[in-house]
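A quick write-up on the structure given underneath.
Every chain is numbered from 1 and lettered A, B, ... according to where its sequence line falls, protein lines coming before strand lines. Below, all heavy atoms of this structure are taken into account, side chains as well, without hydrogens, waters or symmetry copies.
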Amino acid sequence: MLSDSTMKSQVTSILIPVIVPVLLIIVWIYAALKIGNQVILPPIDNVLNLLANPTENLISMGSLASNITVSLVRVLMGYLLAASVGIPLGVIMGYYALVFRLMNTFLNLFRPIPPLAWVPLVMAWFGVASMATAFGVETGKLYIYLNNLKFSMIFIIFIGGFYPILTSSIHGVAGVNRTLIDSARVLGASELQVFRKVLLPAAMPSIINGLRIGLGISWMCLVSAEMLPGSISGVGYLITHAYTLASIDIVIAGMISIGIVGMTMDRIFHHIENRRYAWQRLTR
Amino acid sequence: MSRGSIDMTVILSANQVCKIFWTNNGDRIRAVDTVCLSVMENDFVCIVGPSGCGKSTFLRITAGLEPASSGDVRFRGLEIKKPLPQIGLVFQEYSLFPWLPVIDNVASGPEFAGMKKAKRLDLARHYLDVVGMTEFAAAFPHELSGGMRQRVAIARAFANDPEILLMDEPFGSLDAHTRILMQKELLRIWETHRKTILFVTHSVDEAVYLADRVVVMSARPGKIKEIHKIDMGRPRSRANPSYGELTDRILQQLEQEVMGLKN
Ligand SMILES: Nc1ncnc2c1ncn2[C@@H]1O[C@H](COP(=O)(O)OP(=O)(O)OP(=O)(O)O)[C@@H](O)[C@H]1O
Ligand SMILES: [Mg+2]
């Protein structure tokens, strides 16, 4: 049986986060009525309708769900690439001072360049080449799928995710208590075991945090990546294309989907962080 | 329970060990100064000395974690250049793996050596029992008090079954009562498992209670000032007059060192 006060606190804890969104919706409904122009602010039910039927085909753009799926696959590819380069490199840079000195200036030179600023160079390098080009697939359904994964897009997403993952891996490893490494060595750990059994777990909370930030940024780079020439699908494409058709309801529905997907991914990470790495918060 | 002098093999020898550190602003710190020490198999040697005189540094060199600037430490005649499975170390500071439960911490040495899971957990359980931490097997280090963590660290060192155990103020954070229990327990383990122990402590009483020999170090740079041989049988009684006499002498020596440091 829940006591009265815990019931109350549960109700408020659910209520408080929804207050601002509800206010926003009220303002929206009111403003849409006042403005009365679909091209500036469509009524909320149009947008909700689009969100409620994500598999419905939108004129010449495919469905919302299919575009989100394409975007997700792109982001995951660029992001997994960023993680599989960023984590090992960061761990090694964090542990070996020499490698850090060797690489750090070089990497920091590129860090301030916004992913979007890479577009011209990336286009010059990769053009509209895609995974289909890489695998030599030229026809069929597979071609359509693979051709959606342009190198240039994946590169932009990669750049977005790479730096936060790299930095947090470096700091995670560099911040590992030396005594823990020494303990492992005294207990007979080989260099490889020190990496696997001490450095990685000790740095993992920081790495997970970087992975989380990196995924967020990768996801944000999506729209710019999907504005690249040759893109005919994805949420970013959906938004820009809907704008040219003056379908602002689709624009807003697309934006909300981006927000929801991004937030969900972040939540999942947060959950992992809290569950598995409670020791870090609690270690005195 | 006098053990006599049956084992006369030198298991550990420090020869003219010096250690110099360079600080970030280019100063030289001489942390250990020409230390020579021979430890026999099955010896229990305690090291006492003023804070900062290089005791931990000497243990780290002996454990193979740090090279000596000159001189060397040898294990059965072979120079120690890296950590050896035969030499264990209980650190002065907090050293448990915070992401592992207590039992896995204790089992980590055998795990590094590739021991099967069931076997190493059995071993870990045994040593947790020895240090009286059985009921905390599943707890995480952050759930333990400082003294409990230290006991787990000791169990972890024992579980690796080293011939020589280097211990850096292992009982520093224990309350007086637990401390005395742990001292007795350590003596029991030392006697039954026939280990060689090199034990750093700030407590002269502890040193006189435990050791076959007490090494008194001078203030920085750490030199050996004197080595006291203790012939009292075990278990030792603190009421024994020679116990008090020796404790007093060592305390006086240390006091001189600390005062010298201030002047
Ligand atoms: N990595 C290091 N770099 C520079 N100086 C160091 C380093 N480690 C130790 N020292 C210096 O060497 C000296 C001896 O340090 P050490 O930790 O061995 O002392 P200690 O005898 O164990 O002291 P305590 O009893 O307080 O633990 C100190 O002056 C310390 O500042
Ligand atoms: Mg010390």
Winner by heavy-atom pair count (cut-off under 4.5 Å) against chain A, out of Ala157(B), Ala153(B), Pro162(B), Pro83(B) = Pro83(B)
query = Do Lys81(B) and Asp72(B) meet the salt-bridge criterion of a basic N to acidic O distance under 4.0 Å?
reply = no
key: Cationic N near anionic O, under 4.0 Å, Arg212(A) to Glu273(A)   = yes
Which portion of Asn177(A) sits near chain B, non-hydrogen atoms under 4.5 angstrom = side chain
message = Taking side chain as everything from C-beta outward and backbone as N, CA, C, O, which of these in Leu166(B) sits under 4.5 Å from a heavy atom of chain A? Side chain, backbone, both or neither.
response = neither
query = With only heavy atoms counted, which part of Ile87(B) is less than 4.5 Å from chain A, the side chain, the backbone, both or neither?
reply = backbone
task = Using the ring of Phe44(B) (Phe, Tyr or Trp, six-membered ring only), decide whether Arg213(B) places NZ or CZ under 6.0 Å from its centre and within 45 degrees of its axis.
result = no
inquiry  = Could you check whether Asp122(B) pairs with Arg120(B) (Lys NZ or Arg NE/NH1/NH2 to Asp/Glu carboxylate O, under 4.0 Å)?
reply    = no
remark   = Contacts of Arg74(A) meeting salt bridge (Lys or Arg N to Asp or Glu O under 4.0 Å) (sequence neighbours excluded), chain-then-number -> Glu226(A)
task = Could you tell me which portion of Arg156(B) (side chain, backbone, both or neither) has an atom closer than 4.5 angstrom to a non-hydrogen atom of chain A?
result = both
key: Top contributor to chain A interface from Asn160(B), Leu96(B), Val90(B) [non-hydrogen pairs under 4.5 Å]   = Asn160(B)
